[in-house]
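Everything below concerns the one structure shown next.
Every number for a ligand or one of its atoms is a count from 1 in the order of the listing. Any value given below was found using the heavy atoms of this structure, including those in side chains, with hydrogens, waters and symmetry copies removed.
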Amino acid sequence: MSDVDVPESHPRYESLLTRHRIEEGVEKGITSQQGLIAQGRGEAFDYLLGEQTIDSADAAERVAAAHLLLADHPVLSINGNVAALVPGEIVELAEATDAELEVNLFNRTEERIRAIAEHLREHGAQTVKGFAADERIPGLDHERAKVDADGIYDADVVVVPLEDGDRAEALGEMNKTEIVIDLNPLSRSAQVASVPIVDNVIRAVPNMTAHARQLRDCNHEQLRAIVDDFDADVALAAAEREIRGGDIE
Ligand code: PTJ
């Protein structure tokens with residue numbers, strides 16, 4: 001047994017554990033109620049993927065790690081679902097890639113920003129951005145546009161897990177390298193990403209960290225070669241093929 005009253009032998013153990021974390025996130029004021037709906041939608045796609053990291057997602061996670069290691073100013077954007085599902089794992093990814101963490105919410109409230117930052121600190125984060133909100137992403141309405149001038153606004157590479165399509169598009173237009181983690185390969189966020197990762201955030205984030213650790217000793221040219229070899233459309237097509245035609249065991 002773990003922090004949830006379900007035996008690890010249960011066939012849907014991981015999925016039930018994930019649900020429990022999201023529920024707890026809502027109870028703690030970290031996750032929005034819409035986050036529950038988003039999780040349900042994600043689960044349907046994950047089920048069709050066989051609840052596993054498919055090869056094309058693993059390759060995209062390696063490319064994402066290479067981008068983060070090459071970046072001048074990488075930032076990981078944290079919303080209510082990410083904070084509830086992978087708080088310690090996202091802090092580890094930030095450490096492995098020298099990235100900053102910035103809380104950036106679709107349904108932005110000061111209380112949730114504070115609660116998420118506190119939760120991340122409890123999981124080892126040193127600095128959490130997102131409080132200054134002294135710049136705007138151009139082309140978005142007021143609350144959703146707010147970012148830190150020395151955080152996401154200035155970043156050259158940004159990881160946006162479970163992002164809203166509008167904002168993903170607006171961030172892309174700022175010429176940033178945008179790494180999106182989204183189980184739906186047809187979502188606008190995945191479609192506009194420089195690197196779409198069609199995988200569950202609970203598997204994707206630790207796997208990106210593992211790749212970053214493996215790639216740590218690569219030189220600039222080797223990392224560049226990994227990044228240049230990637231084709232986002234091919235990765236999206238592979239994921240869609242798996243979802244539409246894959247076998248469910
Ligand atoms: O905390 P906030 O206020 O920033 O709000 C965050 C949510 C996620 C509620 C907000 O951004 C939202 O409403 O997102 P959407 O438009 O529902 O999109 C969420 C996308 O993430 C969908 O395409 C889901 O399939 C996907 N998704 C859900 N759970 C996971 C996921 N992708 C990866 N891993 C998951 N666990």
(message) Starting from Leu76, can I reach Leu85 by hopping between I/L/V/M/F/W/Y residues whose side chains sit under 4.5 Å apart?
(response) yes
(request) Determine, counting only non-hydrogen atoms of the protein, whether one lies under 4.0 angstrom from atom 26 (C) of ligand 1. (result) yes
(message) Asn79 versus ligand 1: do any nitrogen or oxygen atoms come within less than 3.5 Å of each other?
(response) no
(request) Give the residue, atom name and distance (to 0.1 Å) of the protein heavy atom nearest atom 34 (N) of ligand 1. (result) Val201 N, 2.9 Å
(request) Answer yes or no: is there an ion pair linking Asp46 with Arg203, defined by an N-O contact shorter than 4.0 Å? (result) yes
(message) Is it the case that the side chains of Asn81 and Thr31 hold a donor-acceptor pair, with the cut-off being a distance below 3.5 Å and no angle test?
(response) no
(message) Any nitrogen or oxygen of Ser187 lying under 3.5 Å from a nitrogen or oxygen in ligand 1? Just yes or no.
(response) no
(message) Tell me the nearest of Gln34, Gln39, Glu43 to atom 13 (O) of ligand 1, using heavy-atom distances.
(response) Gln34
(request) Decide, yes or no, whether a salt bridge links Arg213 with Glu92 under the criterion of side-chain N to carboxylate O below 4.0 Å. (result) yes
(request) Could you go through the salt bridge (Lys or Arg N to Asp or Glu O under 4.0 Å) check for Arg108 and Glu110 one step at a time? (result) CA-CA 7 Å; Arg108 183 186 171 91; Glu110 293 303 317; 3.7 Å; yes
(message) Does ligand 1 come near enough to Asp182 that some N or O of the ligand is less than 3.5 Å from an N or O of the residue?
(response) yes
(message) Among all protein heavy atoms in this structure, tell me which lies nearest to atom 32 (N) of ligand 1, with the distance rounded to 0.1 Å.
(response) Leu183 N, 3.2 Å
(request) Check each atom of ligand 1 against the heavy atoms of Leu85 and keep those under 4.0 Å away; list them by number with element. (result) 36 (N)
(request) For atom 36 (N) of ligand 1, find the nearest protein heavy atom and state the residue, atom name and distance (0.1 Å precision). (result) Asn200 OD1, 2.9 Å
(request) Distance to 0.1 Å, residue and atom name: give those for the protein heavy atom nearest to atom 19 (C) of ligand 1. (result) Ala38 CB, 4.0 Å
(request) May I ask you to say whether Arg144 pairs ionically with Asp164, meaning some side-chain N is under 4.0 Å from a carboxylate O? (result) yes
(request) Start with the C-alpha gap between Asn104 and Asn79, add the side-chain angles, then the distance that decides, and say whether side chain to side chain donor-acceptor pair (under 3.5 Å) holds. (result) CA-CA 6 Å; Asn104 188 247; Asn79 66 19; over 6 Å; no
(request) For the residue pair Glu89 and His123, confirm or rule out a side-chain donor-acceptor distance under 3.5 Å. (result) no
(message) Side chain or backbone, does Gly35 bring an N or O within less than 3.5 Å of an N or O on ligand 1?
(response) no
(request) Before signing off on this row, confirm whether Leu105 and ligand 1 have an N or O atom pair separated by under 3.5 Å. (result) no
(request) Mind checking the CD-CG spacing from Glu95 to Leu101? Nearest 0.5 Å is all I need. (result) 9.0 Å
(request) For atom 3 (O) of ligand 1, find the nearest protein heavy atom and state the residue, atom name and distance (0.1 Å precision). (result) Asn107 N, 2.8 Å
(message) With a heavy-atom distance limit of 4.0 Å, tell me whether Asp199 approaches ligand 1 through its side chain, its backbone, both, or neither.
(response) backbone
(request) Would you check if there is a donor-acceptor pair between the side chains of Thr53 and Asp58 at a distance under 3.5 Å? (result) no
(message) Evaluate Arg41 for polar contact with ligand 1, using N/O atom pairs at a separation under 3.5 Å.
(response) yes
(request) Report yes if some N/O of Phe106 lies less than 3.5 Å from some N/O of ligand 1; otherwise report no. (result) yes
(request) List every atom of ligand 1 that sits less than 4.0 Å from any heavy atom of Gly80, numbering the atoms from 1 in the order shown and giving each element. (result) 1 (O)
(message) Salt bridge or not between Lys146 and Asp134? Use side-chain N to carboxylate O under 4.0 Å.
(response) no
(request) In plain terms, say whether Glu240 and Arg244 are close enough for a salt bridge, that is, a side-chain N and a carboxylate O under 4.0 Å apart. (result) yes
(message) Between ligand 1 and Arg112, can you find any atom pair, the residue atom being a heavy atom, that is separated by under 4.0 Å?
(response) yes
(request) Could you tell me whether the side chains of His73 and Asp156 share a donor-acceptor contact shorter than 3.5 Å? (result) no
(request) List the closest protein heavy-atom neighbour of atom 7 (C) of ligand 1: residue, atom name, distance to the nearest 0.1 Å. (result) Asn81 OD1, 4.3 Å
(request) Flag Phe45 as yes when one of its N or O atoms lies below 3.5 Å from any N or O atom of ligand 1, and as no otherwise. (result) no
(request) From the options Ile30, Asn184, Leu162, select the one whose nearest heavy atom is closest to atom 11 (O) of ligand 1. (result) Leu162
